[in-house]
Amino acid sequence: MGNKVVASVYIDTESMDNYYEATGYQVAKWADQGTHGGTIEGNNTPHVWQDTIDNTVNNGELLKLAMDYLKSKGFSVRA
């Protein structure tokens, strides 16, 4: 956008709307709640969305990797 690069990280819930009697949003919500199919709780089931965001976006790792990559390709980068 202009002289800025903008990226979005998200789950495409619309592409997941073929699950049995559930919307893609509901499937993503179940995955983030640590359930499988909305009903089965595991002992060590990840909270898919929040765990991913915490380990990439919230800790700055994704931004750092993107900036390092762009710098390696000769782009002037600042956050």
Side-chain angles (χ1 to χ4, degrees):
M1 299 181 153
N3 64 349
K4 295 181 183 180
V5 175
V6 178
S8 298
V9 178
Y10 65 98
I11 296 174
D12 182 5
T13 57
E14 290 181 20
S15 69
M16 299 167 26
D17 276 344
N18 61 349
Y19 197 78
Y20 303 100
E21 298 182 29
T23 65
Y25 174 79
Q26 184 63 60
V27 173
K29 187 174 177 181
W30 286 332
D32 194 43
Q33 291 171 338
T35 63
H36 177 77
T39 59
I40 304 167
E41 292 188 34
N43 293 336
N44 193 21
T45 307
H47 294 244
V48 177
W49 182 244
Q50 193 57 52
D51 288 354
T52 301
I53 293 299
D54 287 344
N55 291 299
T56 58
V57 177
N58 292 346
N59 70 0
E61 186 65 18
L62 186 61
L63 178 59
K64 179 188 174 302
L65 290 171
M67 290 175 63
D68 289 347
Y69 176 78
L70 291 170
K71 287 178 185 177
S72 77
K73 300 299 179 187
F75 288 91
S76 174
V77 178
R78 62 189 167 135

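What you see below is based on every heavy atom in this structure, not just the backbone, and it leaves out hydrogens, waters and symmetry mates.
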Between [Y] and [X], is there a side-chain heavy-atom distance shorter than 4.5 Å?
| X | Y | result |
| --- | --- | --- |
| Asp54 | Glu61 | no |
| Trp30 | Gln26 | yes |
| Ile11 | Met16 | yes |

Taking all non-hydrogen atoms of both residues into account, name the closest pair between Tyr10 and Trp49 and its distance.
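Result for this residue pair: CA-CH2, 3.4 Å.
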Which pair of non-hydrogen atoms, one from Thr56 and one from Asn59, has the smallest distance, and what is that distance?
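Taking every non-hydrogen atom into account, O-OD1, 3.1 Å.
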Between CG on residue Asn58 and CD on residue Gln50, distance to nearest 0.5 Å:
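So the gap between those two atoms works out to 6.5 Å.
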Val57, Leu65: one ILVMFWY side-chain cluster at the under-4.5 Å cut-off?
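Shared cluster, no.
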Is there a path of hydrophobic side-chain contacts, each under 4.5 Å between heavy atoms, that joins Leu62 and Tyr69?
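Looking at the clustering, Tyr69 is in a separate group from Leu62.
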Check: Ala28 main-chain N/O paired with Asp32 side-chain donor or acceptor under 3.5 Å:
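Side chain of Asp32 to backbone of Ala28: no pair is present.
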Apply side-chain contact (heavy atoms from CB on, under 4.5 Å) to residues Phe75 and Lys71 and explain how you reach the verdict.
CA-CA 5 Å; Phe75 288 91; Lys71 287 178 185 177; over 6 Å; no
